[in-house]
Amino acid sequence: MATPNLAKPIGARPVAAKAAQADTSQISQGRLMVRRFMQSKLSVFGGIALVIMYLLALFAPFFGPYDVNEIDTNYQWSGPSTLTFAGGWPGICGVTQTLDQKNFAWVYTKDCSQSNPIQLFVHGSSYSVLGLFNSDLHLFGVGKPAKIYIWGADSQGRDIFGRVLMGARVSLSVGLVGVGFSTVLGSILGTASGYFGGIIDNLMQRVIELISSIPTLPLYATIAATLPHDISVTQRFFLITVVLSLVTWTGLARQVRGKVLSYRGADYTSAARLAGASHTRVIMNHMLPNAVSHIIVVAALAVPGAILGETALSFLGLGMLPPAVSWGVLLRDAQQVQVVTTYPWLMIPGAAVIAAVLCFNLLGDGLRDAVDPYG
Amino acid sequence: MTALETDVRRRDGAANANDNLIEVKDLHVHFHTTLGVVRALNGVSFNIPRGRVLGIVGESGCGKSITGLSIMQLVARPGKIEGGEVLFKESGEQPVDILKLGRHSDAMHHIRGNSIGMIFQEPMTSLNPLFTVGKQIEEAVLLHQTQNHEEARRRAIDILDKVGMPNPQRIADSYPHQLSGGMRQRAMIAMALSCTPTLLIADEPTTALDVTTEAQILELMRDLQKEIGTSIMFITHNMGVVAQMCDEVAVMYLGKVVERATVDDIFYDPKHPYTISLLRSIPRLGGERHGRLDAIKGSVPDPYSTVTGCPFHPRCPSFMPGLCDTLVPAETRIESENLHTVRCHLHPGSTILGKFGSSGGVATTAPETMTGFAAPSNASEPMVIPGSGGGTVNNSAEPNLTSGDVDDGAAPRVNRTS
Amino acid sequence: MLNYIIRRLLYMLVTLVFVAIISFMLLDLTPGSYLDTEIARLRQAGGNMSDGQIEALKIRYGVNDPFPLKFGKWIVGVLQGDFGQSFEFSVPVSSLIWGRLAFSLILATSSIIFAWLISIPLGVYSATHRYTIPDYIITVLQFVGVAIPEFLIALVLMVVSASVFHADVGGLFSPAYVDAAWSGAKFVDFLKHVWIPIIVIGASSTAWLTRVMRANLLDVLNAQYVQTARAKGLGEGLVIWKHAVRNALHPLIMAAGGILPALISGEVIASIVLNLPTTGPLFINALIKKDTYLAVAFLLLLSVMLVVGNLLADLALAWVDPRIRLE
Ligand SMILES: Nc1ncnc2c1ncn2[C@@H]1O[C@H](COP(=O)(O)OP(=O)(O)O)[C@@H](O)[C@H]1O
Ligand code: SF4
Ligand SMILES: [Mg+2]
């Protein structure tokens, strides 16, 4: 099986012909895929929504009115600001903080008689734009001393809206980077396994089986628990993505292997081998280009798993740790039911998780149907 | 069966040619797909005489299967029967228009399986893999014939025996995957005949089988047909099979019946250029093997396009510009001993001015003699000799079928495609 | 068939041995053992500890043994039901885990049954009523269901029942029954609590299975044997439920094996939010506190649950499908 069928007399000419044919069909195939994808409105919607989310994350400090770590004891657990049109221009109501002596909790009374108009492009805390230059411009804000919390504040008066945008940086990139790692790993191992077969293949299958014999989250948690605590946020981020890809690559490897197996029997593969192409050449020139659309699909569908994985780990206190901000870290504040019942806006980061995962699923489904309409 | 018997059977049938079990009139079926409407059947009319075998032939995609399914009211979405009649006249009962019965009505359920049985092309997939063959036959018997499980089981084994299963008890307890393709098709036939239907619709029942098995299945069907007296609507794209099996033939092209005649007339005196092309595509005795449709140029147009005039005109060797591409030929009767109709402007009755675009019913104008139009050159040359047996097809790619136990086995065949 | 089962069992054993090695290795690698924490605590509590005392502790816990020796000692114990000593609770691990595992098993099993009971009718309805409004609603729910993390569903459900029904929904029992012996009343109390975790844990699996069911049934409905069944004169209900659905279950059972890891993961995380007396809270706590033997025992036993579940799914597959059974 591993060696091409030598009984088939295939000369050099058919090789060229076949290869050319494969190329042209590849191009029209690609166009066909794009057309099929564009037909699926939900998937296009998912794709566009994701682009917007990533842009929001990239320019989070601009879209959020305050620094994400800015603590404000005057607004501890303050709810979302109330919109008012009292001034003829959209603004927010004023808020006063008093202490409820009996329950020992902060109580906020709003005063909508006077409006704090919302201003656009205000100057505030300074931040770095993509590491290139500094800016203190924010999309919106209100005049001091009032503060605008469109999604409410957390236990230390920090702006949840800004923190969700900031958290998106970690949560959304964990998905991409983690799946990126596992795509590379899965493609290499899957291709090798499918192409060479034999012992390599067998060993790979056993390893995959072994990994899939351990329940996912407990495995993530166990590996994450071995990570040292005294490392920087960036180091931790990369280690967490590695942890996530340790499991994700198996699904990818399986799919790629299946594809490669089906190509191995194809005429042009044996033809190329007979024409003297090396294994690497056959894999790089004939198999990977054919498999690449499938790899992209499987990868897109694997991203939600990675996002959910990071969220779960951070939520459990084993993933990203404060002061790093990620959706899972933010949701740690929502662990106690009593707290969430009183301050339901603490669950808003959860909505962000759902939205991102949903969009990736829509996108992935559309890609899959476009690439493999009958699969 | 000998050639003589075949002839006797045919002549018998001719005596009461007007006794039709099924009369299909102007049947229209459309598929409403996202890409547009496919007019799969465009005014199909034909009759199935009682107790005889009607062959439906044509290239794949011309609507043969949809015709069969329409009679059972089994056309699946997005297909819809848009119009027409299917008159079903069981002896001793009032004729019913099947299409007027609700798809899921009791009357329809009673007809399906009980009065009309059906066999499909793919024996590998037409039996449910999760139930034994016996259970699947019993299911039909229990539904229509008896409430008694033992009785049903006995009848299932009986019918399995009748279709020539070597060990019917064991076969009844087997699952489909344990049987070969030929065995499965026998089981399907057993199931379809288990309630002794008056009509059996066989949709390419042998297309998926190898040649030896095909011959056996055909022989079985012929024998059972004689024994039970069931009428058969035999769908195939293989003219050789038609020669072996059928009494009458309806040739279909693009959702229309283009020619109807007895099997002898079809083979000895074909009128429609499409029929002639079909016959020419059969490998000749001792001749070189041709591709299936070498003789017909071009291919069936894509189903979404509409062809003006005669649907066959883009491929027709006798195409008459200005006439064939504008005017739809009507069905017209040919002067003949038996019923013989054709839809082609070469036969003047078909040309009814003012009938643009529409189609349907048999033209009522008196057929003129059409000697003025030269039929395509080879038309009168007999392509096959039905029922003659004994001839040898020199067909290198397929097993040779000259062994004595299967008569008619030598009938030429059209190269198969799925 | 018997051969097949035996072969599968052997495979399973080998896999589990490797799982044991890997999980033990993982936790052994952890920098800083529970001992360090313990020493720090003792020092804080009662002044100085001599090096001798520390050495004695290290020997007692076998900290300096080479890995194979440590693992060997441990695995021999495991085979006799001794999973070692919990550092944190100073009791044998086995005295902590079984009750919790039992609850986990009950929850996982109930959730999978729940998922099946909901997803099959939904999937069938969705497939047989394609492009109708209910089908769209089911599809949307199914997309959202897959996207919501379990702990969020848990939170939402708890918040809703706390603020709307003023019901205390955490845990598996009301406080009065937690330590009571099993009785009719306790069982009723259990039933009153257990539905929330079942929904929480089963939700995403339900969504996923509905989707699988719909897709499969659409495939099967195109199969020739379904047409055969109709041609026999069977009513549409029988055609669908007897002939089509039974064939569509086939991939669904395979999918059941596939959702087990998600189910177990969901159980672990939901139990933390819902404060259930199952494996989740203790396991995560053990990981954070580096209570090695406790954590490894949980990891291993959860894997056993998964592997056995997969085996059962395969057997169920063989049971419904003669093509596998009679191989
Ligand atoms: N599900 C469907 N959707 C769209 N068109 C269909 C469908 N099924 C059949 N058709 C159309 O009906 C025509 C006739 O099909 P069929 O009766 O199966 O042909 P035959 O049996 O002669 O090969 C086909 O050409 C096809 O265009
Ligand atoms: S009508 Fe014209 S095009 Fe059609 S079959 Fe007859 S000759 Fe050919
Ligand atoms: Mg057909």
Side-chain angles (χ1 to χ4, degrees), chain B residues 34 65 68-69 71-78 103-132 135-144 173-178 184 187-188 191-192 194-195 197 200-201 203 208, chain C residues 1 4 120 124-132 134-136 213-214 216-254 314-327:
Chain B
T34 44
S65 300
L69 291 174
I71 294 177
M72 295 287 259
Q73 280 221 64
L74 284 179
V75 179
R77 281 202 304 177
R103 274 182 68 114
H104 301 300
S105 64
D106 287 346
M108 198 64 232
H109 286 148
H110 183 74
I111 288 177
R112 286 188 203 127
N114 192 31
S115 306
I116 306 179
M118 192 156 182
I119 315 172
F120 300 99
Q121 174 172 344
E122 277 294 334
M124 298 318 236
T125 56
S126 52
L127 289 165
N128 191 325
L130 300 188
F131 299 99
T132 61
K135 281 271 174 281
Q136 295 188 52
I137 299 177
E138 284 165 41
E139 191 178 30
V141 176
L142 284 171
L143 205 58
H144 299 297
D173 291 330
S174 305
Y175 287 93
H177 74 274
Q178 297 169 307
R184 283 187 219 188
M188 266 308 286
M191 186 151 82
S194 60
C195 301
L200 178 65
I201 300 174
D203 188 355
Chain C
M1 193 60 209
Y4 169 76
I120 292 177
V124 171
Y125 185 89
S126 206
T128 51
H129 296 75
R130 223 157 28 132
Y131 308 130
T132 61
D135 176 36
Y136 286 125
M213 186 69 205
R214 180 178 185 273
N216 287 336
L217 192 59
L218 285 177
D219 270 358
V220 171
L221 284 174
N222 283 324
Q224 189 67 73
Y225 54 78
V226 172
Q227 199 70 300
T228 306
R230 288 201 183 101
K232 252 185 224 180
L234 283 181
E236 195 62 14
L238 269 177
V239 169
I240 287 180
W241 286 99
K242 182 171 173 189
H243 287 270
V245 171
R246 284 194 55 168
N247 275 285
L249 286 184
H250 187 276
L252 203 64
I253 295 172
M254 290 206 278
D314 282 357
L315 291 183
L317 205 57
W319 180 61
V320 300
D321 192 336
R323 282 165 298 187
I324 300 173
R325 184 169 67 232
L326 301 175
E327 206 172 79

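Keep in mind it's a predicted model, so treat the numbers as computed, not measured. Protein chains get the first letters and strands the later ones, always in sequence-line order, with residue 1 at the start of each.
Side-chain atoms of C/Glu236 and B/His109 include no donor-acceptor pair closer than 3.5 Å.
Side-chain atoms of C/Gln227 and B/Phe120, non-hydrogen and from C-beta on, do get closer than 4.5 Å to each other. No side-chain heavy atom of C/Asp321 sits less than 4.5 Å from a side-chain heavy atom of B/Pro129.
Of the two parts of B/Arg77, only the side chain, counted from C-beta on, holds a non-hydrogen atom closer than 4.5 Å to a non-hydrogen atom of chain C. Interface residue B/Met188: only side-chain heavy atoms are found under 4.5 Å from chain C. Within the 4.5 angstrom heavy-atom criterion, no atom of C/Leu238 approaches chain B. Using a 4.5 Å cut-off between heavy atoms, B/His110 makes no contact with chain C at all. With a 4.5 Å cut-off on non-hydrogen atoms, B/Leu69 touches chain C through its side chain but not through its backbone. Heavy atoms of B/Met191 lying under 4.5 Å from chain C belong exclusively to its side chain. Interface remark: B/Leu130 contributes backbone and side-chain atoms alike to the contact with chain C (heavy atom separation under 4.5 Å). Heavy atoms closer than 4.5 Å to chain B are found in the backbone of C/Val320, but not in its side chain.
Per-residue heavy-atom pair counts under 4.5 Å with chain C were compared for B/Thr125, B/Ile201, B/Asn128, B/Leu143, and the maximum is reached by B/Asn128. Contact count versus chain C (heavy atoms, under 4.5 Å) is highest, among B/Arg112, B/Met72, B/Gln73, B/Met118, for B/Arg112. Among B/Ala76, B/Gly117, B/Ala140, B/Gly113, the residue with the largest count of heavy-atom pairs under 4.5 Å with chain C is B/Gly113.
Within 6.0 Å of atom CG in B/Asp173, more than 12 heavy atoms from other residues, nucleotides or ligands are found, so the atom counts as buried in its surroundings. By the neighbour-count criterion of 12 heavy atoms within 6.0 Å, atom NZ of B/Lys135 is sparsely surrounded, having that number or fewer from other residues, nucleotides or ligands. Atom CH2 of C/Trp241 has more than 12 heavy atoms from other residues, nucleotides or ligands within 6.0 Å.
Panel note: side chain C/Thr228, backbone B/Leu127; no donor-acceptor pair is recorded below 3.5 Å. Looking only at distances, a side-chain donor or acceptor of C/Lys232 sits under 3.5 Å from a matching main-chain atom of B/Gln136.
Taking CE from B/Met108 and CZ from C/Arg230, the interatomic distance works out to 12.5 Å, rounded to the nearest 0.5 Å.
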Should B/Glu139 and C/His243 be marked as a side-chain contact (heavy atoms from CB on, under 4.5 Å) after you check the CA-CA gap, both sets of side-chain angles, and the distance that decides it?
CA-CA 11 Å; B/Glu139 191 178 30; C/His243 287 270; 2.9 Å; yes
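The minimum heavy-atom distance linking C/Gln224 with B/Ser126 is given by the pair CG-CB, 3.5 Å.
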